[in-house]
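Heads up: the structure comes next, in structure tokens.
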There are 2 protein chains.
Amino acid sequence: MKVARSTPAFQPLYQQIKSLITQGLISGEWSPGSVIPSEIELARRYEVSQGTVRKAINELAAENLLVRHQGKGTFVSSHAEENRRYYFTRIAADRGERVLPDAELLEFRRGKADARVAARLGVSAGASLLVLRRVLRDAGRPVILETVRLPAALFRGLTAELLAQRGALLYSTYESVLGIRVLKAEESIKAVRADAEAAVRLEVEPGSPLLAVERVALTYGDRPVELRHSLCNTRDYHYQARIV
Amino acid sequence: MKVARSTPAFQPLYQQIKSLITQGLISGEWSPGSVIPSEIELARRYEVSQGTVRKAINELAAENLLVRHQGKGTFVSSHAEENRRYYFTRIAADRGERVLPDAELLEFRRGKADARVAARLGVSAGASLLVLRRVLRDAGRPVILETVRLPAALFRGLTAELLAQRGALLYSTYESVLGIRVLKAEESIKAVRADAEAAVRLEVEPGSPLLAVERVALTYGDRPVELRHSLCNTRDYHYQARIV
DNA sequence: GAGTGGTCTAGACCACTCA
DNA sequence: GAGTGGTCTAGACCACTCA
């Protein structure tokens, strides 16, 4: 395919190559974990120089869509990879490493999006949702009570059995089972009082302070795909953030 | 200055150029807000190609140390710049924009680092500190109660008068008055109960849930320069985080 | 129009991986 | 040794800024 070099709305060549490669990722031509064609091959295919392809790939790698390995090739990044697995887990134990939680599925049901949820998920009010609630434990102690809302239209095929047989890490399931790739997330955090249910589930006094995290997870084009509310007992845990 | 092209511990040329430019920033040869020499001039100075200088500058720009402006030049980034001013302010109003706080200095004193503080700040236990406590208000209502600890050796010359006459944004003061550049920060967040003092200062009931943020601010070489504890009333505010 | 950074090319050579 | 990405160069031309 030949790219346009002068269009009414001019875009640099490497930006056009970025879009073409991203299309290949969205369409599934190259799937998570697999290798994409070499720079030289892509340069031939798109009829641009290797340097232009490299610039496009470097930006996609900086955005964590691709991973480069000298001598081996360029790979589609995947939540199954060791270093991506806990990328979205921001809760860590005060002493020690990031929590590898063990998830107990409390509930898995269909629901409808109210106005607020609909706005966050970019669906219309009343749209059908899958709702799942879980408790995440660390070393047997409950740490996080979580409610996850997913647009049912997107997550057709997700079942409680599937969730049970795969671990606590949902994004790897979304990716491999449903082909939905979570790329980034925006979180909004507050301190709240434990309500009666949270107190029971997290084994704290009612009214205890909990960290409330609302996450919107985004896929290609910043399209929201998941809304997640977590209540976290931060007595022995904390949320890690970095400002760079 | 000629850079080494083959050293025992080999480093790519552009990495060496990055270090040289960073040295210029640390030494104050180029100060915040000012323009650094053009790519062509730096290429001449370091006896490398323009492309190599560009690669070095691009990485420094990606790390927010430099800001490029086509047609104008490459500038040392500064906390005084409009788009850097609120970069480290992660608390926002639920409805509306990031908070422009109005700071009341409660206390400004010398202190000593206990073991925990010393570890965070990378100073020896018992080291002399400047400690300042403030309340940040938004639209007249108190939102954040903050304790800031600074290694006294680094912050010689910082006075209560100086803090009073400049606004709530400390990093711009550190930068312009003391030549200390905060580049990034690591935060650890918990939900806690308001103690008696926080309750009074933030006008909430004792025991109310507050967001407790511990920040370590870092300068060049990831050296810590500030330890900040914030207690935030998140009733109408939230902490924003992004996972990319 | 001179000077800046931004894009693009072509080509050389290096570092790493793997059979 | 063939193939991958990584570094480096030289040079052309474009887009933007400012006097």
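Not measured: the values here are computed from a predicted model. Residue numbering restarts at 1 for every chain, and letters A, B, ... go by the order of the sequence lines.
- One finds a side-chain N or O of B:Ser38 lying less than 4.0 angstrom from the OP1 or OP2 phosphate oxygen of C:dT4.
- Listed by residue number, the members of residues 56-83 of chain B with any heavy atom below 4.0 angstrom from DNA chain D are B:Gln70, B:Gly71, B:Lys72.
- Atoms CD (A:Gln50) and P (C:dT9) sit 11 Å apart, rounded to a whole Å.
- The existence of a salt bridge linking A:Glu59 and A:Lys18 is confirmed by a sub-4.0 Å separation between a basic side-chain nitrogen and an acidic carboxylate oxygen.
- Spacing between atom CG of B:Leu13 and atom P of C:dC14 amounts to 13 Å, rounded to whole angstrom units.
- The two residues B:Lys190 and A:Asp94 have their closest heavy-atom pair at NZ-OD2, 2.6 Å.
- A:Arg84 has no carboxylate O lying under 4.0 Å from a charged side-chain N of A:Glu175, or vice versa, which leaves the two without a salt bridge.
- Using modelled atom types, one finds a donor on one side chain and an acceptor on the other under 3.5 Å when comparing B:Glu39 with B:Gln50.
- The pair B:Asp236-B:Arg95 fails the salt-bridge criterion, with no side-chain N (NZ, NE, NH1 or NH2) lying under 4.0 Å from an Asp/Glu carboxylate O.
- For a distance-only test at 3.5 Å, the side chain of B:Arg54 qualifies as a donor-acceptor partner of the base of C:dG6.
- Here D:dT9 is the nucleotide among C:dC8, D:dT9, D:dT7 with the atom lying nearest to any side-chain atom of B:Val48.
- The aromatic ring centroids of B:His79 and B:Phe88 lie less than 6.0 Å from each other.
- Between the C1' atom of C:dC8 and the CD atom of A:Gln11 lies a distance of 15 Å, rounded to the nearest Å.
- The side chain of B:Thr52 contributes no N or O atom lying less than 4.0 Å from OP1 or OP2 of D:dT7.
- Checked by atom type, the side-chain pair B:Gln16/B:Tyr46 shows no donor-acceptor distance below 3.5 Å.
- Across the protein-nucleic acid pair, B:Lys18 atom NZ and D:dG6 atom P stand 15 Å apart, rounded to whole Å.
- With A:Ser34 contributing its side chain and A:Trp30 its backbone, the two residues share no donor-acceptor pair below 3.5 Å.
- Remark: C1' of D:dG5 and CD1 of A:Ile36 are 11 Å apart, rounded to the nearest angstrom.
- One atom, CD of A:Gln15, and another, C1' of C:dT7, lie 11 Å apart when rounded to the nearest Å.
- Residue A:Arg149 forms a side chain to side chain contact (heavy atoms under 4.5 Å, CB included) with just one option from A:His229, A:Glu226, A:Arg228, and that option is A:His229.
- In this structure, B:Lys55 atom NZ and D:dG6 atom P are separated by 8 Å, rounded to whole Å.
- Note that the two end axes of the helix from C:dG1-D:dC18 to C:dC18-D:dG1 enclose an angle of 10°, each drawn from 5 base pairs, rounded to 10 degrees.
- Set against C:dT9, C:dT7, D:dT7, the side chain of A:Tyr14 has C:dT7 as its closest nucleotide.
- We find that CD of A:Glu47 is positioned 15 Å from P of C:dC8, with the value rounded to whole Å.
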